[in-house]
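Heads up: the structure comes next, in structure tokens.
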Amino acid sequence: MAHDWQELTRLTGNEEIVIKKVGLANTGIEINGEFDLPPLARLTADEQIFIAAFVRCHGSITQMEKFFGISYPTVKNRLNKISSSLDFIEINPTSGSIEILNSIERGEISVKEALKIMEKGE
């Protein structure tokens with residue numbers, strides 16, 4: 001039996017999905033508007049399965065090779081293709097970001113203060 005998200009992907013033909021209404025379970029509260037899907041939910045069903053398997057394999061490319069019966073370069077190429085569509089992740093943090101994280105670690109500022117600093121772009 002297909003998962004609901006797989007059926008939704010099949011029905012939409014991988015077209016962009018915009019959420020129009022969100023309901024909170026067991027509360028009766030509904031929010032109307034236009035909401036984008038989170039970046040991971042925008043991946044194709046095959047890409048989501050591949051990433052889920054990668055996580056289940058604890059990031060082991062060797063295990064991915066065995067699981068899917070594909071070569072190391074194929075695993076790397078698929079991961080590179082998927083990661084290129086996930087531009088929301090900051091791969092190379094700026095020195096300012098690192099200093100803010102270090103300040104939190106040293107107890108000089110709180111997480112709340114760090115978020116305020118980052119929002120201001122300081």
Side-chain angles (χ1 to χ4, degrees):
M1 174 187 258
H3 295 291
D4 291 341
W5 58 269
Q6 288 173 314
E7 183 65 14
L8 182 60
T9 301
R10 186 187 67 74
L11 289 171
T12 60
N14 285 326
E15 289 294 319
E16 182 178 351
I17 297 173
V18 176
I19 307 299
K20 299 278 186 170
K21 185 194 298 189
V22 176
L24 301 176
N26 303 318
T27 66
I29 296 173
E30 292 183 352
I31 304 167
N32 294 300
E34 287 200 7
F35 309 96
D36 291 329
L37 290 172
L40 291 174
R42 290 186 216 132
L43 297 175
T44 67
D46 286 343
E47 290 170 333
Q48 290 181 27
I49 290 167
F50 195 79
I51 293 301
F54 188 67
V55 171
R56 295 281 308 253
C57 290
H58 304 281
S60 168
I61 293 177
T62 303
Q63 286 184 14
M64 292 290 287
E65 289 176 274
K66 292 176 186 172
F67 186 75
F68 285 102
I70 57 179
S71 69
Y72 179 93
T74 302
V75 174
K76 289 292 286 182
N77 287 338
R78 286 193 70 183
L79 289 172
N80 287 335
K81 179 181 176 280
I82 293 168
S83 69
S84 71
S85 67
L86 298 174
D87 59 335
F88 69 98
I89 299 172
E90 186 178 307
I91 301 296
N92 298 315
T94 64
S95 59
S97 298
I98 293 170
E99 186 52 41
I100 291 169
L101 293 173
N102 289 338
S103 294
I104 294 170
E105 188 175 42
R106 291 189 299 264
E108 297 170 354
I109 62 172
S110 69
V111 173
K112 189 174 181 177
E113 291 168 322
L115 290 172
K116 286 180 183 177
I117 292 168
M118 294 171 86
E119 284 173 1
K120 292 178 185 176
E122 294 179 9

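Heavy-atom basis, side chains included; hydrogens, waters and symmetry copies ignored. Counting from 1, the numbers follow the sequence of the chain as shown.
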Between CD1 on residue Ile117 and OG on residue Ser103, distance to nearest 0.5 Å: 7.0 Å
I'd like to know if Ile100 and Val111 are part of one continuous hydrophobic network [Ile/Leu/Val/Met/Phe/Trp/Tyr, side-chain heavy atoms within less than 4.5 Å]. yes
Measuring from Leu86:CG to Ile51:CD1, what's the distance to the nearest 0.5 Å? 7.0 Å
By side-chain hydrogen bond (donor to acceptor under 3.5 Å, both in side chains) - contacts of Lys81 (at least two apart): Glu47
Report yes if some heavy atom in the side chain of Ile109 is under 4.5 Å from a heavy atom in the side chain of Lys116; otherwise report no. no
If you look only at distance, which donor and acceptor atoms sit under 3.5 Å apart when one is on a side chain in residues 30-42 and the other is two or more places apart or in another chain?
unit_1: Glu30; atom_1: OE1; unit_2: Lys21; atom_2: NZ; d: 3.4
unit_1: Glu34; atom_1: OE2; unit_2: Lys20; atom_2: NZ; d: 2.9
unit_1: Arg42; atom_1: NE; unit_2: Leu37; atom_2: O; d: 2.9
unit_1: Arg42; atom_1: NH2; unit_2: Leu37; atom_2: O; d: 2.6

Answer yes or no: are there more than 12 heavy-atom neighbours, outside Phe68 itself, under 6.0 Å from its atom CZ? yes
Separation between NZ of Lys76 and OG of Ser83, rounded to the nearest 0.5 Å: 8.5 Å
List for me each residue that meets side chain to side chain contact (heavy atoms under 4.5 Å, CB included) alongside Phe54, sequence neighbours excluded, and say none if there are none. Ile61, Met64, Leu79
Suppose the criterion is salt bridge (charged side-chain N to carboxylate O under 4.0 Å, His left out): which pairs have a residue in residues 102-115, not counting sequence neighbours? Glu99-Arg106, Arg106-Glu108
Hey, are the side chains of Leu43 and Phe50 touching, using non-hydrogen atoms and a 4.5 Å cut-off? no
Residues two or more places apart in sequence or in another chain: which of them pass side chain to side chain contact (heavy atoms under 4.5 Å, CB included) with Ala52? none
Sequence neighbours excluded - side chain to side chain donor-acceptor pair (under 3.5 Å) pairs with any residue from residues 50-75: Ser71-Thr74
On a heavy-atom basis, the closest approach of Ile104 and Ala114 is CD1-CB, 3.4 Å
